Amino acid sequence: MSKYVFYALYIALLLCNLIYSNFMLVGPITYRHVIAMLLLLYLVLDEGSSLKMDKYFSVFMVYVLFWGISSVTTGYINSYLSKFFGTTLIAYIVYQSTKLLITKYDASHVLIIVLLTIGLVDSAVTILQFFNNPLGYMIPGLMRVDFIEEYEEFAMRRFDAGNSSIVIPGIIGGALHGYLSSCLAVLALYPFNGKIRIVNIL
């Protein structure tokens with residue numbers, strides 16, 4: 001049963017990080033903060049062994065240390081603390097949880113399927129948005145992912161500025177949408193059961 005609790009928290013945190021990162025719960029606290037803390041509690045209760053940092057994340061923390069020193073010396077300490085607790089700590093929890101998912105539960109397929117599902121929905125919405133189809137804005141609206149208030153406003157801005165002048169948001173939004181789409185296009189070639197199948201091509 002605990003395995004499925006872990007799966008649910010892990011998937012919820014992925015969704016909150018990628019799609020619903022700005023959904024506020026109370027004040028500056030978002031849903032992803034709460035889910036991250038619940039997942040951290042799970043990792044602590046899991047004998048704490050899954051919280052041990054490896055050499056890769058340790059190297060990243062050296063970068064975070066120097067980032068902190070530069071922030072203190074240049075007067076950006078408040079911004080640093082906000083990013084540290086709002087982004088770096090959550091990145092650590094996701095990283096350690098992913099390791100647990102793979103090493104303890106041998107369930108890398110959970111991560112891959114979730115990411116590819118997000119990618120498929122995002123791709124369909126992106127194509128609809130590119131062709132100025134109202135469904136491309138209705139679907140994010142139904143998902144409660146809104147980057148603009150009015151479809152007509154966005155369509156008019158794109159028509160005036162040209163297709164290359166405004167970022168197509170998909171369901172992820174902004175530059176992250178482009179980065180994630182590129183990564184998921186590569187991930188789509190993951191060889192399930194050791195073979196590239198027709199589903200990979202689709």
Side-chain angles (χ1 to χ4, degrees), residues 7-25 28-36 39 60 79 82-83 86-95 97-98 101-102 107-192 196-202:
Y7 285 176
L9 289 172
Y10 183 78
I11 292 170
L13 187 55
L14 280 181
L15 291 174
C16 282
N17 275 328
L18 294 174
I19 302 176
Y20 299 107
S21 60
N22 295 320
F23 266 42
M24 310 309 284
L25 182 60
I29 306 298
T30 64
Y31 283 97
R32 78 186 175 106
H33 290 126
V34 174
I35 294 170
L39 200 49
F60 174 69
S79 176
S82 174
K83 287 288 185 184
T87 304
T88 305
L89 180 61
I90 291 178
Y92 169 71
I93 295 169
V94 172
Y95 182 80
S97 299
T98 302
L101 180 80
I102 295 169
S108 56
H109 63 278
V110 171
L111 172 62
I112 293 167
I113 289 170
V114 170
L115 290 177
L116 289 180
T117 301
I118 292 171
L120 284 171
V121 174
D122 182 58
S123 297
V125 170
T126 302
I127 292 168
L128 290 168
Q129 289 174 349
F130 180 81
F131 288 108
N132 282 326
N133 189 308
L135 278 175
Y137 301 93
M138 185 186 302
I139 294 170
L142 291 173
M143 294 175 65
R144 297 186 64 196
V145 181
D146 288 314
F147 301 105
I148 57 168
E149 292 185 2
E150 297 291 337
Y151 155 73
E152 289 80 7
E153 176 197 343
F154 187 84
M156 187 179 300
R157 282 163 50 201
R158 281 196 59 207
F159 180 78
D160 291 340
N163 284 343
S164 62
S165 300
I166 296 178
V167 172
I168 306 242
I171 61 170
I172 307 297
L176 177 62
H177 169 246
Y179 300 144
L180 187 67
S181 298
S182 300
C183 293
L184 295 183
V186 175
L187 184 62
L189 297 177
Y190 178 80
F192 290 98
I196 299 290
R197 301 175 184 276
I198 188 66
V199 68
N200 296 104
I201 307 302
L202 293 174

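Everything quoted here is computed from the prediction, not taken from an experiment. Just so you know, residue 1 is the first one in the sequence shown, and it goes up from there.
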> Once you round to the nearest 0.5 Å, how far does CZ of R144 lie from CD1 of I19?
Replying inline: 13.5 Å
>> Contact between L15 and I118 at the side-chain level, heavy atoms closer than 4.5 Å - yes or no?
In response: yes
> Excluding sequence neighbours, so at least two apart, what forms side-chain hydrogen bond (donor to acceptor under 3.5 Å, both in side chains) with Y95?
Replying inline: D54
> Y179 versus I172: any side-chain heavy-atom pair under 4.5 Å?
Replying inline: no
> Does atom CZ of F23 have more than 12 heavy-atom neighbours from other groups under 6.0 Å away?
Replying inline: yes
> Is it the case that Y20 and T30 place a side-chain donor and acceptor less than 3.5 Å from each other?
Replying inline: no
> How far apart are the closest heavy atoms of G170 and P140, and which atoms are they?
Replying inline: O-CG, 4.2 Å
>> Check whether N200 reaches the backbone of R197 with its side chain - one donor and one acceptor, N or O, closer than 3.5 Å.
In response: yes
>> Within the supplied structure, the quantity of interest is the number of heavy atoms (other residues, nucleotides, ligands) at a distance under 6.0 Å from M143 CE; does it exceed 12?
In response: yes
>> Minimum heavy-atom separation for I35 and C16, please, with both atom names.
In response: CD1-SG, 3.7 Å
> Does some side-chain heavy atom of R32 sit less than 4.5 Å from a side-chain heavy atom of L13?
Replying inline: yes
> What's the shortest heavy-atom distance between G136 and V125, and which atoms?
Replying inline: O-CG1, 3.4 Å
> Does L128 reach the side chain of Y137, with side-chain heavy atoms less than 4.5 Å apart?
Replying inline: no
>> Ignoring hydrogens, what is the shortest heavy-atom contact between L184 and L115? Give both atom names and the distance.
In response: CD1-O, 3.4 Å
> Any side-chain heavy atom of L180 within less than 4.5 Å of one from D122?
Replying inline: no
